[in-house]
Enquirer: 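Sharing a structure here in structure tokens format.
All heavy atoms count here, side chains included; hydrogens, waters and symmetry mates do not. The chains referred to below are lettered A, B, ... by the order of the sequence lines, with proteins before strands, and numbering in each begins at 1. Values in this document were obtained by computation on a predicted structure and should not be read as measured data.
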Amino acid sequence: MRFDLNDEQRAIKDAIREVCDARASRGEGAETDGAFWSELAKSGWTQMAVPQEFGGQGSGLLELSLVLEEMGRALVGGAYLGHAAAAVLIAASGDEQQRPRWLPGLATADGRAALGQAHNGGALLVDASGAALAVIAGPETAAVLDPVPGALNEAASLDVTRTLHRVESAGAERLRGDVDRGLDRAEVLLAAELVGVAQRAMELAVEHASNRQQFGRPIGAYQAVSHRCADMLVQVESARSAVLSAAWTADHEPEQLPFAASVAKVTAASAAWQVAAASLQVHGGMGFTWEYPIHRYLRRAAAGARLLRSVDHHLDRIADQNGLGAEAVAAGAVQPAYAVP
Amino acid sequence: MRFDLNDEQRAIKDAIREVCDARASRGEGAETDGAFWSELAKSGWTQMAVPQEFGGQGSGLLELSLVLEEMGRALVGGAYLGHAAAAVLIAASGDEQQRPRWLPGLATADGRAALGQAHNGGALLVDASGAALAVIAGPETAAVLDPVPGALNEAASLDVTRTLHRVESAGAERLRGDVDRGLDRAEVLLAAELVGVAQRAMELAVEHASNRQQFGRPIGAYQAVSHRCADMLVQVESARSAVLSAAWTADHEPEQLPFAASVAKVTAASAAWQVAAASLQVHGGMGFTWEYPIHRYLRRAAAGARLLRSVDHHLDRIADQNGLGAEAVAAGAVQPAYAVP
Amino acid sequence: MDLTLSPEELRFRDEIRAWLDQNHPGPAPQDTEQNFDFRLAWQRTLHEAGYAGIAWPREYGGRGATLVEQAIFNEEMVRARAPAPANILGLIMGGPVVMAHGTDDQKRRFLARILSGDELWCQGFSEPDAGSDLASVRTRAERAEGGWRISGQKVWTSYAHRAKWCMLLARSSDGARYRNLTYFICDMRQDGVTVRPLRQITGESEFNEIFFDGAFVPDENVIGSVDDGWNIALATLMFERPGLGAASALAIRLQLGELAGLIRQNGLDDDASVRRRFARLVVETETIRLNGYRGLARAGEGVPGPEGSIVKIQWASLNQAMTELAFDVQGGAALESDSTWAYRLLRARANSIEGGTSEIQRNILAERVLQLPRLR
Amino acid sequence: MDLTLSPEELRFRDEIRAWLDQNHPGPAPQDTEQNFDFRLAWQRTLHEAGYAGIAWPREYGGRGATLVEQAIFNEEMVRARAPAPANILGLIMGGPVVMAHGTDDQKRRFLARILSGDELWCQGFSEPDAGSDLASVRTRAERAEGGWRISGQKVWTSYAHRAKWCMLLARSSDGARYRNLTYFICDMRQDGVTVRPLRQITGESEFNEIFFDGAFVPDENVIGSVDDGWNIALATLMFERPGLGAASALAIRLQLGELAGLIRQNGLDDDASVRRRFARLVVETETIRLNGYRGLARAGEGVPGPEGSIVKIQWASLNQAMTELAFDVQGGAALESDSTWAYRLLRARANSIEGGTSEIQRNILAERVLQLPRLR
């Protein structure tokens, strides 16, 4: 029992942080950034999520989560989430025919995949321009749209670091395996990205609170600000614990994943939005300007929290798993279903 | 349009505050206090809720609310709420036979009525010892138990300033008029009492925060404390506005009462509990001692919030009244049902 | 206590309602500048009908409306979804400060043109380093022949590029804090004044930055005494629009009506969790309305008190909670930014900052209402 | 990272589990004094089996368990619903402070009898005027022949009337704040020590007040140097029970199981609002468990850090929210006080006060983890 990263995991985290920080320091335009994607592909980062038997690196979900947290923190490489999520979805929820058909392409430099959300009979694709294929997720389904049509109908994206397109999903082929398994794994990656968003939003708040003077003191000396920051820390660390645990669980105790993934999504989605909103408040008027980065985090948090299945969906599942499900009622169970090691 | 008390109303408030403060200054034992009841009866306070045609003073619900707020604030005369609530329930929900049967007795010194809550097929009566009769309320029913049995089965009362007894309710006679009307009016009185509870809990917190020194300052100078107190003020004033409005509405625009009463109950119940709990926190360890009065307010708040209909019941009714009810859905209504003057 | 309108108040309401019915200018243009022109025309319409300054005394061209009438007027404007007049800062702040602290010459010079909308006003209090701590302005006023030269930067001024006059605070001496500021009315149409739009997180530019580089203000445009600007500014900030609580509650009610529709469209009107979150918003809206009316009654007894902070805190957090619920119920549409609710979600984040942060409002309640000790 | 138990850890867990299965003392008596005797007997049982001081080094009679083993032990105790040993303050605080700062004589004198439960310990830090501000103690220590005379009042000491020793802080000089306090071990069995039960809002008396009126402490019972008590006390307060987060999370899980039953009994398991409030409690409980384990990993790298404050804040607010939900779902039964949930509702209010208020915990996180400026 050791809840800390091993040397290899730390090395991954340090390496991707360096890559992301370097990209972030080059300024705006980080969104759907072909050059950055090529850089990531060249160094093999984009192959991590593809199983080895299909030409990828077959990294664990824990390692992928470390990458995604750093990307969320630096708010770069937005397309990476969709690609990695699509890969784990096809790998976990595709059947014997589907996996060899699509996964090898995802391990190649020009085989980028995008993620889409079923919506109003069609789908909304995230960062789809230039993607070879897309996986469209619904609350209980996932389907592969191959190829992504050349002419895409652009929609206004709340998350300004990502593009959004509307497509017909009629031609998409449903993944025929265990869809929940793939969705849960994708949720963990999304949650990891949201932890990075929350982390950076907190850092910005703490930095501002330490420097900004009002009434003769740095505002971080006032409890209205400092306690707000402390609450951010509680949320960020809790979400990080939940994501690390869910990612580890996916890799090692997959039968426990449904609970762990729901906990990760709920905590990370709440943390990202609440921390970003609180950070904006700490920044005062400055936080409300377009030029200052906090709103990009806020938008990522708002949209990200609503990708894949909703928080309410997860809460309902958690209630079902913990004594309020139909089976529990039938069995008269009192003990929670979940087992502590 | 004047949202302030007139001279007569102010005089009532001042007079009853003096009576209550005098009783409170005589110390513990304020609960089910026969001597105090006699004092109240002698001065006519106990007749206020009975219509003039049945020998009472026929005071408005607004005037009664002023009395109840003061009693909640001083935490005295707990039995008054049950008596007044029973009177308005019989007056508003009794039919032509029932009103003359019971109301004249309630205007007499030894005709005290108690309130009861339907529970597990029977009822829990509040401050019933010595009461002549009791009105037992359920979510959609009200019934008169006359007489209150001599031998009562005492239950442990969370609210230590009130007694609690279990009774069979088999013999109770249902009120045959508009039950909701009576329940709503009783809720307003209960809410008024809860406003007084919140008010005093806030006063205690402010007093303590102004005097208690830690780290070289009064703790009220720390925003963790002062902002907590400011939030109390927001809750107390909002609940008071809601109760005054609901009481006035009951007297003058009874068709608007269902909405106004629900708003009053929800805000007063939330304010009483949250302010009492926050006040205890401000007091630190001292607030956790039996001798210090704050827990008596906390208990009154916890129990009072759960008398009559639950907060969730009221929230559901508010949703129904405001565009989420079955009729609204059928009619495709978009505008809230509630009309601003 | 009487929560009904008196016969006179009812007549007044009916008059306003009928007039708005007849004169409503129709849907507002989306484009910011066109929208401003539209609101300017609307102010002229209001002015011609005698409604531009209903709160102003008759001697200054207003209608001398009672507090309740002002509240009624504000509510009817919201109910009719009528636009705000363009010169709103002149009407609620510039005019009142001139009436309270200006000379007779200043009153003649400024007041009529505020009402008519011929001269628009903006406000220069906030600076990059003077946010909540308004008294720490760095903008300096240097003595010059016949007046003052102003240099510095102001932020968060709305419609500065359309304004003729800017009321501003500048540091006129090296005296003690709160005693070194003067209240100026600065002509915006001169060299030495540069206006830059400030883009907000919504993508709009409601606000501007103003750079003053030796801009001239003649002595006759100083309001009150030199170095007494802080007291005047403080009084200015206390000018509240009576019934604002009730009017903003009504605006939220209208949006809650839309939200109920959105909930039904998404099939969530049976979801107990959504229903109760919604009901709590309705409750909070109603208490804002009632607190607003109660504040009115108190205001009638004297100067409006710091209790306005209660409504301000509630309104900000209610707006934020409402837009979050709307976002939660609309499913995948939440990914898109071109919806009213997406705009509102982002815009609402400023509600707890603009016009005094919620933290400052809580300080005010703690110190001025509850008399808790101040942090020194 | 590895969230499974190693084979050795699994063996340890199975050993504890099997032993608890065999040796569980059965249901605890309600009566406070009988309950204490029951826990004292339980401590002796634990001690005989070598489980009383599993965290203590072997040289002092403990088991030298790893942090993970301590966490496992604590969890198994909760899972088995086994009572806490009576001398808990001696085990987690008194013993460790003697081991860290005591002389060899003191170690010989005190340690073995803490483990066996032959001598019980209580703690005298808090005073009526020294709550969150622990350094502002007023209790005075005056020099006397061969030792010190202690006078003053301590509050919130548990089981003081059963204790042989009280560890306490007293003002031993007029020196500067934080440098005028000494850490004493005071014999409770002497004239000059009076213990009075402190009745809490739950009606119980878990805690006492102690009045010292010239109580004598010989020099050999001073811990560390004279006037260096603050540093020792601070270190004492940092002794955390590893895995406490995980163990308290487990305790709450067990209560959540009861709560699910209560919800079903009241027919509310289909109510989306109740379900989601419940699910949020489950989520929060799980994050406390995980934060506890992560803290363990960090503690393994050095001294336990201030991150323990995270779990403390979460645990207090979770317990309060859980008992409030239970209260909301039980209908009219909420009027009665003789239920487990009524007791828990009231007891939970202390969770955000005892062991450092949630406000103090937030100060710690802000200052020591986030490095925000301190308020001076």
Enquirer: Can a donor-acceptor pair be found, under 3.5 Å and without considering hydrogens, that links the side chain of C:Tyr293 to the backbone of C:Ile288?
Expert: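 Checked: no pair found.
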Enquirer: Heavy atoms only, distances under 4.5 angstrom: which of C:Thr66, C:Leu262, C:Thr287, C:Asn291 has the most pairs with chain B? Name it, please.
Expert: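 With the most close heavy-atom pairs to chain B, the winner is C:Asn291.
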Enquirer: How about C:Trp341 and C:Phe327: are their ring centroids closer than 6.0 Å?
Expert: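 Centroid separation for C:Trp341 and C:Phe327: 6.0 Å or greater.
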Enquirer: So which of B:Cys229, B:Ser262, B:Ala260 has the biggest tally of heavy-atom pairs under 4.5 Å with chain C?
Expert: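 Counting heavy-atom pairs under 4.5 Å, the top option is B:Cys229.
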Enquirer: Is it the backbone or the side chain of B:His227 that comes under 4.5 Å from a heavy atom of chain C, or both, or neither?
Expert: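 Contact with chain C: backbone and side chain both.
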Enquirer: Among B:Gly220, B:Ser241, B:Ser210, single out the residue with the greatest number of heavy-atom pairs under 4.5 Å to chain C.
Expert: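 The option with the most such pairs is B:Ser241.
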Enquirer: Is the B:His283 ring parallel, tilted or perpendicular to the B:Tyr292 ring (thresholds 30°, 60°)?
Expert: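 It falls in the tilted class, 30° to 60°.
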Enquirer: For the interface with chain B, which of C:Glu9, C:Gln361, C:Gln371, C:Arg280 has the highest count of heavy-atom pairs at distances below 4.5 Å?
Expert: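 The option with the most such pairs is C:Arg280.
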Enquirer: Please test C:Ile54 against C:Gln70 for side chain to side chain contact (heavy atoms under 4.5 Å, CB included), starting from the C-alpha separation and ending with a verdict.
Expert: CA-CA 7 Å; C:Ile54 66 149; C:Gln70 294 172 46; 4.2 Å; yes
Enquirer: Among C:Asp2, C:Leu375, C:Leu268, who wins on heavy-atom pairs under 4.5 Å with chain B?
Expert: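 The candidate making the most pairs under 4.5 Å is C:Asp2.
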Enquirer: Among the options B:Asn6, B:Leu5, B:Leu233, pick out the one with the most heavy-atom pairs lying under 4.5 Å from chain C.
Expert: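 Answer, by heavy-atom pair count under 4.5 Å with chain C: B:Leu233.
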Enquirer: Highest number of heavy-atom pairs under 4.5 Å with chain C: which of B:Ala209, B:Ala239, B:Ala221?
Expert: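 Counting heavy-atom pairs under 4.5 Å, the top option is B:Ala221.
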Enquirer: Taking every non-hydrogen pair under 4.5 Å, which of C:Ile313, C:Val369, C:Asn363, C:Val311 racks up the most with chain B?
Expert: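 Most pairs with chain B among the choices: C:Asn363.
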Enquirer: Taking side chain as everything from C-beta outward and backbone as N, CA, C, O, which of these in B:Ser270 sits under 4.5 Å from a heavy atom of chain C? Side chain, backbone, both or neither.
Expert: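 When you check distances to chain C, only side chain atoms of B:Ser270 fall under 4.5 Å.
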Enquirer: Stepwise, does the salt bridge (Lys or Arg N to Asp or Glu O under 4.0 Å) test hold for C:Arg63 with C:Glu69?
Expert: CA-CA 10 Å; C:Arg63 187 175 167 131; C:Glu69 286 170 345; 5.5 Å; no
Enquirer: Going through the distances and angles, do C:Gln314 and C:Glu284 end up as a side chain to side chain donor-acceptor pair (under 3.5 Å)?
Expert: CA-CA 8 Å; C:Gln314 289 184 296; C:Glu284 191 70 1; 3.3 Å; yes
Enquirer: Go through C:Ser6, C:Ala272, C:Ala279 and name the one with the most non-hydrogen pairs under 4.5 angstrom from chain B.
Expert: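 The option with the most such pairs is C:Ala279.
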Enquirer: Where on B:Glu207 is there a heavy atom nearer than 4.5 Å to chain C: the side chain, the backbone, both, or neither?
Expert: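 Contact with chain C involves no heavy atom of B:Glu207 at all.
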Enquirer: Can you say whether B:Asp251 sits under 4.5 Å from chain C via the side chain, the backbone, both, or neither, judging by heavy atoms?
Expert: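 Answer is neither: B:Asp251 stays 4.5 Å or more from chain C.
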Enquirer: Between C:Glu359 and chain B, which part of the residue has a heavy atom less than 4.5 Å away: side chain, backbone, both or neither?
Expert: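 Both parts, backbone and side chain.
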Enquirer: Would you call the rings of C:Trp19 and C:Tyr51 parallel, tilted or perpendicular, where under 30° means parallel and over 60° means perpendicular?
Expert: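 Perpendicular, since the angle between the ring planes exceeds 60°.
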Enquirer: Sub-3.5 Å donor-acceptor pair from the side chain of C:Arg362 to the main-chain atoms of B:Ser226, do we have one?
Expert: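 Side chain of C:Arg362 to backbone of B:Ser226: no pair is present.
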Enquirer: Please classify the contact between B:Val311 and chain C as side chain, backbone, both or neither, with a heavy-atom cut-off of under 4.5 Å.
Expert: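 Interface part for B:Val311: side chain.
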Enquirer: Which atoms of C:Ile263 are under 4.5 Å from chain B, going by heavy atoms: the side chain, the backbone, both sets, or neither?
Expert: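 Just its side chain gets close to chain B.
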Enquirer: Are any non-hydrogen side-chain atoms of C:Arg17 and C:Ile72 less than 4.5 angstrom apart?
Expert: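 Not in contact.
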Enquirer: Tell me, side chain or backbone of B:Met232 under 4.5 Å from chain C's heavy atoms, or both, or neither?
Expert: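 It is neither, since no heavy atom gets under 4.5 Å.
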Enquirer: Measure B:Ile219 against the heavy atoms of chain C and call it side chain, backbone, both or neither at under 4.5 Å.
Expert: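 Contact with chain C: none, neither part.
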Enquirer: What part of B:Glu253 gets within 4.5 angstrom of chain C, counting heavy atoms only: side chain, backbone, both, or neither?
Expert: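 The side chain, not the backbone.
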Enquirer: For residues B:Gln235 and B:Gln274, is any side-chain donor paired with an opposing acceptor at under 3.5 Å?
Expert: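 Yes - a donor-acceptor pair under 3.5 Å links their side chains.
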Enquirer: Which atoms of C:Arg374 come close to chain B, meaning under 4.5 Å heavy atom to heavy atom: side chain ones, backbone ones, both, or neither?
Expert: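 Contact with chain B involves the backbone of C:Arg374 alone.
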